[in-house]
2 protein chains.
Amino acid sequence: MRFQKTTEYAIRVMVFLANNQNEWLSVNHLHQVLNIPYKYLGRLMHTLTKAGLLEVNMGKHGGYKIHPDKQNIFLYQIIDVTEGLESYDRCILGFPECSDENPCPLHKYWISLQKSLKEMIYSVSLGDLKGLINVKY
Amino acid sequence: MRFQKTTEYAIRVMVFLANNQNEWLSVNHLHQVLNIPYKYLGRLMHTLTKAGLLEVNMGKHGGYKIHPDKQNIFLYQIIDVTEGLESYDRCILGFPECSDENPCPLHKYWISLQKSLKEMIYSVSLGDLKGLINVKY
DNA sequence: ATTAATTTCTACCTTATTGTAGTATATACA
DNA sequence: TGTATATACTACAATAAGGTAGAAATTAAT
Ligand code: SF4
Ligand code: SF4
């Protein structure tokens with residue numbers, strides 16, 4: 001039960017960008033500071049840009065920053081881009097959703113857990129995560 | 001953020017076995033009833049047996065049942081066999097665990113979610129899941 | 001003993017995720 | 001205009017997860 005590595009990377013880089021809103025940050029810089037494979041990160045940044053979360057500036061002195069229209073991005077928006085949100089509406093046993101009236105024994109346990117997960121990714125935003133970076137990346 | 005398919009299969013089959021404690025159930029039967037690939041399930045059953053969760057009876061009329069010494073198996077024990085428990089003590093950003101004194105902005109959100117996850121898999125057992133199978137597998 | 005039904009074991013195949021390499025294109029600026 | 005520094009694009013490689021095939025070994029019953 002974990003996020004894909006790519007999702008971890010995306011959260012990592014988005015938190016970092018949210019803490020450096022004014023600067024254009026290059027892939028090379030982010031790669032070194034955040035310890036994410038250079039080329040792989042490049043593709044991920046492109047994907048996040050296509051999804052509208054980032055603004056890009058090509059060429060010399062270029063790089064990425066949080067898109068000006070998206071100043072308060074929630075975790076679910078990042079996860080949606082990298083691995084999708086299907087798993088948050090999915091049965092733990094891999095069955096198509098059953099009725100709440102006739103649930104299997106696991107249902108109530110799973111639903112409650114899934115609810116917590118969902119609540120977190122929909123309520124935590126990059127705004128909540130700004131200004132406190134203490135960690136050595 | 002989801003369990004591996006193999007973990008879903010394992011939970012599925014363990015819940016079913018817990019609801020049929022007295023019978024030896026063959027892989028072929030389980031495969032048909034639970035809709036899990038035959039050969040893949042065979043290997044999974046063998047793995048669960050090696051891990052001590054199941055008892056096996058080879059040959060004609062053979063099959064598997066919950067191991068008599070393990071009458072109350074918790075979800076974490078199944079997950080441990082299939083995908084391990086590392087992710088429940090792991091940073092969401094993929095960094096080695098930092099100190100609680102000097103956390104990054106995500107830390108408190110992640111820790112609380114992880115705690116809920118962990119509580120569920122350590123507190124829900126097959127005993128909790130018996131006697132209520134309504135679902136068509 | 002023979003047969004049928006079962007697990008065990010080994011090898012391989014497919015798919016998705018993660019990572020690498022190289023070239024083309026865009027921009028800043030001297 | 002030329003050069004340096006950046007992203008964009010395309011192709012491919014490595015790894016892990018999920019799945020398939022078949023022969024060998026085990027057991028029950030005839
Ligand atoms: S009732 Fe059971 S099988 Fe159906 S969606 Fe809920 S957990 Fe899954
Ligand atoms: S402080 Fe941040 S980087 Fe460190 S373990 Fe907690 S969530 Fe991960």
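Just so it is clear: chains get the letters A, B, ... in the order the sequence lines come, proteins before strands, and each one is counted from 1.
- To the nearest angstrom, P of D/dA17 lies 16 Å from CZ of B/Phe3.
- We find the CD-CG distance between A/Gln77 and A/Leu85 to be 9.5 Å, quoted to the nearest 0.5 Å.
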Sub-3.5 Å pairs of nitrogen or oxygen atoms, protein against nucleotides 21-24 of chain C:
from	atom 1	to	atom 2	distance (Å)
C/dG22	N7	A/Lys39	NZ	3.2
C/dG22	O6	A/Lys39	NZ	2.6

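- Regarding B/Met45, its CE atom lies at a distance of 16 Å from the P atom of D/dG19, rounded to whole Å.
- Between B/Trp24 atom CH2 and D/dT26 atom C1' there is a gap of 14 Å when expressed in whole angstrom units.
- With A/His31 as the partner, the ring-ring contact (aromatic ring centres under 6.0 Å, His included) test is satisfied by one option alone out of A/Tyr9, A/Phe16, A/Tyr38: A/Tyr38.
- For the pair B/His46 and C/dT8, the criterion of a side-chain N or O lying under 4.0 Å from OP1 or OP2 is met.
- Rounded to whole Å, atom C1' of C/dT17 lies 11 Å from atom CD of A/Glu83.
- Between the P atom of D/dA8 and the CD atom of A/Glu55 lies a distance of 12 Å, rounded to the nearest Å.
- The residues B/Arg12 and B/Glu8 are annotated as not salt-bridged, no charged nitrogen and carboxylate oxygen being separated by less than 4.0 angstrom.
- Using a 4.5 Å heavy-atom threshold, the side chains of B/Leu17 and B/Lys65 count as separate.
- Checked by atom type and distance alone, the side chain of A/Asn57 never pairs as donor or acceptor with a backbone atom of A/Gly63 at under 3.5 Å.
- The closest side-chain heavy-atom distance from A/Tyr88 to A/Ile121 is below 4.5 Å.
- OP1 or OP2 of C/dG19 has at least one side-chain nitrogen or oxygen of A/Tyr9 nearer than 4.0 Å.
- The phosphate of D/dG18 (OP1 or OP2) has a side-chain N or O of B/Thr6 nearer than 4.0 angstrom.
- Atom NE2 in A/His31 sits about 12 Å away from atom P in D/dT7, given to the nearest Å.
- Between B/Thr49 and B/Glu55 the shortest side-chain heavy-atom distance does not fall below 4.5 Å.
- Looking at heavy-atom distances under 4.0 Å, B/Tyr38 makes contact with a base.
- Rounded to an integer number of Å, the gap from OH of B/Tyr40 to P of C/dC12 is 19 Å.
- A side-chain donor-acceptor contact under 3.5 Å links A/Lys70 to the backbone of A/Gly52.
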Protein N or O to nucleotides 25-30 of chain C N or O, pairs below 3.5 Å:
from	atom 1	to	atom 2	distance (Å)
C/dT27	O2	A/Lys60	N	3.0

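- As a whole-Å value, the separation of B/Arg2 CZ from C/dA16 P is 13 Å.
- In terms of heavy-atom proximity, A/Asp89 sits nearest to A/Gln114 at N-NE2, 3.7 Å.
- At a threshold of 4.0 angstrom between heavy atoms, the contacts of A/Gly42 with the nucleic acid are absent.
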